[in-house]
Amino acid sequence: MHLRERFEDYRGRIRFTDLDLASRSMALLWLGLFRDRVIRNCFPRIGAQSLLSDITKIINSTFLEGYILARAAYDLGTGSVLFTDPERQASVEAGVDRLRLMYEEEEVGTIPFTGEPLGVEALADALVREIAYGPDMMWLEERELLKVHLIYALWAGYKLARFERRLSRERG
């Protein structure tokens, strides 16, 4: 199965709720900060709540697609990844801290998706183009500026899946 086919298969079966509790927490923290930055940079004088809602949905879905892309690139399957145990005291908090540290330790200034498995960078570019030129953003004047931010949302979701994989290996 090729990367695009595996991605499409995973896309239909992986949901945000499939993420580990620590991963969901980390994603929500990151997405909140990122969304605020995007709104501040791309739409400094925005007044319409419906536009904010639409942009937030686009950013959130792009992040999840990045997560799914990493799972497809490394052929990790569609099952839930669990590396924390909500029943064990402080397990989730420790997982969030470890994920946060991994995000902070990532090299700043690296070009997203370089050095990843064959086809990942091309598929990532195609996904961002599909989103940016799709019907949800066709009417948006700031589309090209937002497109740059969407690459980083996709990259952040991709990194989250990589970090989960690393934590799972360390735990197991």
[X] side chain vs [Y] backbone, donor-acceptor pair below 3.5 Å:
{"X": "Arg71", "Y": "Gly79", "value": "yes"}
{"X": "Thr56", "Y": "Leu52", "value": "yes"}
{"X": "Tyr10", "Y": "Leu69", "value": "no"}
{"X": "Glu8", "Y": "Glu5", "value": "no"}

How long is the span from the [atom1] atom in [X] to the [atom2] atom in [Y], to the nearest 0.5 Å?
{"X": "Ile14", "Y": "Ile68", "atom1": "CD1", "atom2": "CD1", "value": "5.5 Å"}
{"X": "Arg15", "Y": "Ser80", "atom1": "CZ", "atom2": "OG", "value": "12.0 Å"}
{"X": "Leu31", "Y": "Asp36", "atom1": "CG", "atom2": "CG", "value": "10.5 Å"}
{"X": "Asp125", "Y": "Lys147", "atom1": "CG", "atom2": "NZ", "value": "8.0 Å"}
{"X": "Leu146", "Y": "Met137", "atom1": "CG", "atom2": "CE", "value": "4.0 Å"}
{"X": "Glu121", "Y": "Ile151", "atom1": "CD", "atom2": "CD1", "value": "10.0 Å"}

**Item:** Derivation of the salt bridge (Lys or Arg N to Asp or Glu O under 4.0 Å) call for Arg13 and Asp9
**Value:** CA-CA 7 Å; Arg13 297 197 280 158; Asp9 178 44; 2.6 Å; yes
Using a 4.5 Å cut-off on heavy atoms from C-beta on, say whether the side chain of [Y] contacts that of [X].
{"X": "Lys159", "Y": "Met102", "value": "no"}
{"X": "Ile58", "Y": "Ile131", "value": "yes"}
{"X": "His149", "Y": "Asn41", "value": "yes"}
{"X": "Leu123", "Y": "Phe113", "value": "no"}
{"X": "Leu99", "Y": "Phe83", "value": "yes"}
{"X": "Asp54", "Y": "Asp136", "value": "no"}
{"X": "Trp155", "Y": "Glu116", "value": "yes"}
{"X": "Leu127", "Y": "Phe7", "value": "yes"}

Carboxylate-amine/guanidinium proximity below 4.0 Å for [X] and [Y]:
{"X": "Arg169", "Y": "Glu164", "result": "no"}
{"X": "Glu130", "Y": "Arg4", "result": "yes"}
{"X": "Asp20", "Y": "Arg24", "result": "no"}

Flag yes if [X] and [Y] sit in one hydrophobic cluster, no otherwise; membership is Ile, Leu, Val, Met, Phe, Trp, Tyr, and two members link when side-chain heavy atoms are under 4.5 Å apart.
{"X": "Leu28", "Y": "Val38", "answer": "yes"}
{"X": "Met26", "Y": "Leu82", "answer": "no"}
{"X": "Phe16", "Y": "Phe34", "answer": "yes"}

**Request:** Would you check if the distance from the ring center of Tyr158 to the ring center of Tyr67 is below 6.0 Å?
**Result:** no
**Request:** Check whether the ring centres of Tyr103 and Phe163 lie less than 6.0 Å apart, and answer yes or no.
**Result:** yes
Shortest non-hydrogen separation from [X] to [Y] and the atoms involved:
{"X": "Asp85", "Y": "Ser91", "result": "N-OG, 2.8 Å"}
{"X": "Ala22", "Y": "Gly95", "result": "CB-C, 3.7 Å"}
{"X": "Leu160", "Y": "Ala27", "result": "CD2-CB, 4.2 Å"}
{"X": "Ala72", "Y": "Arg6", "result": "O-NE, 2.6 Å"}

**Cation-pi geometry met for Arg162 and Tyr74 (6.0 Å, 45°)** = no
**Prompt:** Can you check side-chain contact (heavy atoms from CB on, under 4.5 Å) on Leu51 and Trp139, steps first, answer last?
**Reply:** CA-CA 11 Å; Leu51 178 61; Trp139 50 270; 2.9 Å; yes
**Request:** Decide side-chain contact (heavy atoms from CB on, under 4.5 Å) for Thr84 and Val96; before the verdict, give the C-alpha distance in whole Å, the side-chain angles of both, and the deciding distance to 0.1 Å.
**Result:** CA-CA 9 Å; Thr84 62; Val96 171; over 6 Å; no
**Asked** Considering residues, nucleotides and ligands other than Glu144, do more than 12 of their heavy atoms fall under 6.0 Å from its CD?
**Response** yes
**Request:** Decide yes or no on side-chain contact (heavy atoms from CB on, under 4.5 Å) for Val81 and Leu19, but give the supporting numbers first.
**Result:** CA-CA 6 Å; Val81 174; Leu19 274 68; over 6 Å; no
**Asked** Where do Val128 and Tyr133 land on the side-chain contact (heavy atoms from CB on, under 4.5 Å) test, with the steps shown first?
**Response** CA-CA 8 Å; Val128 170; Tyr133 299 111; over 6 Å; no
